[in-house]
Each structure stands twice: as structure tokens, then as C-alpha cells.
Number of protein chains: 2
Amino acid sequence: MIHADATDAPDPGPRRTTKQREAVRAALASSEEFVSAQALHQSMRQAGSTVGLATVYRALATLAEDGEADALQSGGEALYRACSPSHHHHLICRRCGRTVELEAAAVERWAGQVAAAHGFVEPEHVVDIFGVCASCAVAR
Amino acid sequence: MIHADATDAPDPGPRRTTKQREAVRAALASSEEFVSAQALHQSMRQAGSTVGLATVYRALATLAEDGEADALQSGGEALYRACSPSHHHHLICRRCGRTVELEAAAVERWAGQVAAAHGFVEPEHVVDIFGVCASCAVAR
DNA sequence: CCGCTGTTGAGAACGATTGTCAATCGCATG
DNA sequence: CATGCGATTGACAATCGTTCTCAACAGCGG
């Protein structure tokens, strides 16, 4: 209920290379911002693809699982974005979705220490900053 | 799509004191952990209340809006918890849901500075740590 | 006590996501 | 290169959390 355990999926399983998954990967890579599965599906269809919605959902799930994409929940829907493989956080414009990847060793350390201090193990953390980027700010 | 703007709801509006909203507030206060609207509704019904599900949703939304409850998304559903009015973050057990409120002035400062450094204004941040608490860890 | 409104409960409606299942395709193998 | 197993796909139905609708109801200021 609270949170799925990462150890519940020990087996990434076989993973075939298909046109569809590659197409989703490419479409995702072509977007600088976080996009929803539905939006990605629509833009792929408009670009001539015949990929199915369910396939887009499945592909995004596996990409996120494999660490090739970051996922976040916003406004009741899941948003995805191609991202660098190393651990990082995000600074996201809540108007246009423009995203900056952040490294923050100090925050990592803090999270680990706080968890340990309270007897918690296997700490994971969610750290995202939302704001209005410079260009959106002037456009008001 | 990305994130609702806090300034979109400038008017908290009048807010009447009703038995139902008080009941929801009380039910929420009686839980140490984050609970879903559905779970809260069920426990209230089992306790003899005849409150409607929609009302629970509405009450939780207003409580969160008024800063009397914290909300977070987990596993595709919204979870709520009565919380102290001051700004804080959470350390949450992903097995039992036990929650510790955290103060972290350093993180607040960091978030503000990072946002400013990238030209972002009106920064808000989401910082939560998930882990397995001591008692759940030994129970394995 | 009245009346104006915000609120409620039941159920329908909704939208995002996932499940189902037969057809298809990747890929290792012979 | 032909073959076969099984993962993957696409269309569609189903599910699930949440919100909407609307008539009945209940705070609360006067």
C-alpha cells in the first residue's frame, strides 16, 4: 500500500529488442520535458507510428525499471523523461515542464543519515523541486 | 499538465463546520500512518459512520489545502496524514507506513538556492525518504 | 425561525492504467 | 536459411481511484 519494495522484482527478465520499444525510447529521447504516456502515444501516432497505447505504457514501465527513464507523478498521471543513468534529482518548471537535472551529494548524505538515525534501512528518497522558470516568469 | 499552480486557487472560500468534516478530521488524526481516502472511508463506516466516499475525498482535499494534512502519492493512490502545521518532510516505512516528521532547514536552503541559481521562482519542493523501519526490518 | 448557500450521499461518469488473448515477431538453434 | 518457442504486440474490455451531478439537507447570519 505504501510503497512497492524494490526487491519484489529481482528478475529483470529477458528483454527483446523490438521496433516498438526502440520507437518509444526514441520518442522519449526527443522530448526535453516530462511527458505522459498518453501524450507520447499521441505524438507517436501523429508521427505515423501504429504503436498501441498499452505498448507505450509497457515500454515506459520497462525503461523506468531499467533506469533509462525517470518517472514522477503529477496531476494524477505518470510522467516520464529520458535521463542520465546516474542518480539525480530534478528542478522542474511547473508551467512549461522544462527540467534541469540536479546532483546533490549533500542531500544524498543527509537522507542516508536521517534514515539511519531513525533505524530505517534500505533508504530511498524522492527529492524534486518545482518552480517557474525564467522564461515562463517573464511571460506573465 | 506538469503541476497545478498554487496561485490558481486564490480563494479558500467560506468553509462550514460540519459533522462529516469533523469526523474525517478525527478519523485522520487517529491514524499514525498515511492512509488512503478509501481506507479512511471504510474504517469510518465500520465505526458506524454513514459518511459518503465523495465526502471523505472532499474533506481530505480541503484539509490538505488548509495545511492540516499532508498528502503524498504512492502506488497510484493519494495518501493523507494529519500533520503539524509547520513545513516539514517525511521518513516513511514502506512496509508498515510508520512515519517520522523531519525538519531540515539545510534542505530548504539548498532547494531555494538551487532554484534561484537556475532562474526559477516560486520554488516548492517534494522531499520524502522511504525505507524499512527497525521493527519491520527484524520481522523478516 | 428564515433563507441563502455551502455541503452531503448515492450513483453515474470519467480518465488513467492494466489485463486479456489471439496474432505476430525476435532470436537462438538446427 | 528454415523452424519453433516464447516474449511482445495491438485492440478492446475491465479495473480502479477519483470526480461530477443533482436533489435533499444543514450551517449560520439575520
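A, B, ... follow the sequence lines: proteins, then strands. Residue 1 opens every chain.
Under 4.0 angstrom from either OP1 or OP2 of D:dG27 there lies at least one side-chain N or O belonging to B:K19. One finds a side-chain N or O of A:Y57 lying less than 4.0 angstrom from the OP1 or OP2 phosphate oxygen of C:dT17. For A:Q20, no side-chain nitrogen or oxygen approaches OP1 or OP2 of D:dT8 to under 4.0 Å. Listed pair B:R21 / C:dT7 meets the phosphate criterion, a side-chain N or O lying under 4.0 Å from OP1 or OP2. A close approach under 4.0 Å does not occur between any side-chain nitrogen or oxygen of B:T18 and OP1 or OP2 of C:dG6. Under 4.0 angstrom from either OP1 or OP2 of D:dC16 there lies no side-chain N or O belonging to B:Q38. Contact check, A:T55 against D:dG10: a side-chain N or O comes under 4.0 Å of OP1 or OP2.
The separation between B:H41 atom NE2 and C:dT8 atom P is 13 Å, rounded to whole Å. As a whole-Å value, the separation of B:E22 CD from C:dT8 P is 10 Å. Taking atom CD of B:E65 as the reference point, atom C1' of C:dT7 lies 15 Å away to the nearest angstrom. Separating the CD atom of A:E77 from the C1' atom of D:dT18 is a distance of 14 Å, rounded to the nearest angstrom. Regarding A:L60, its CG atom lies at a distance of 14 Å from the P atom of C:dA16, rounded to whole Å. One interatomic measurement links the two molecules: CG of B:L79 to P of D:dC16, which rounds to 17 Å at whole-angstrom precision. The distance from atom CG of A:L53 to atom P of C:dT18 is 10 Å, rounded to the nearest whole Å. Spacing between atom CD of B:Q73 and atom C1' of C:dA16 amounts to 12 Å, rounded to whole angstrom units.
Out of D:dT8, C:dG9, D:dT18, the shortest distance to the side chain of B:R58 is found at C:dG9. Picking from D:dT8, D:dT9, C:dT8 the nucleotide with the shortest atom distance to the side chain of A:R16 gives D:dT8. Nearest nucleotide to the side chain of A:R15, out of D:dG10, D:dT8, D:dC20: D:dT8. For B:T17, the listed nucleotide lying nearest its side chain is D:dC28; candidates were D:dC28, D:dG10, D:dG17.
Annotation for B:E101: atom CD counts as buried by contact number, over 12 foreign heavy atoms lying within 6.0 Å.
Between the side chains of B:R15 and B:T62, not a single donor N or O lies within less than 3.5 Å of an accepting N or O.
Between B:F34 and B:T99, the closest heavy-atom pair is CD1-OG1, 3.4 Å.
Salt-bridge annotation for A:E22 and A:R25: present, with a side-chain N of the basic residue lying under 4.0 Å from a carboxylate O of the acidic one.
Under the 30°/60° scheme for interplanar angles, the aromatic rings of A:H87 and A:H125 are found to stand perpendicular.
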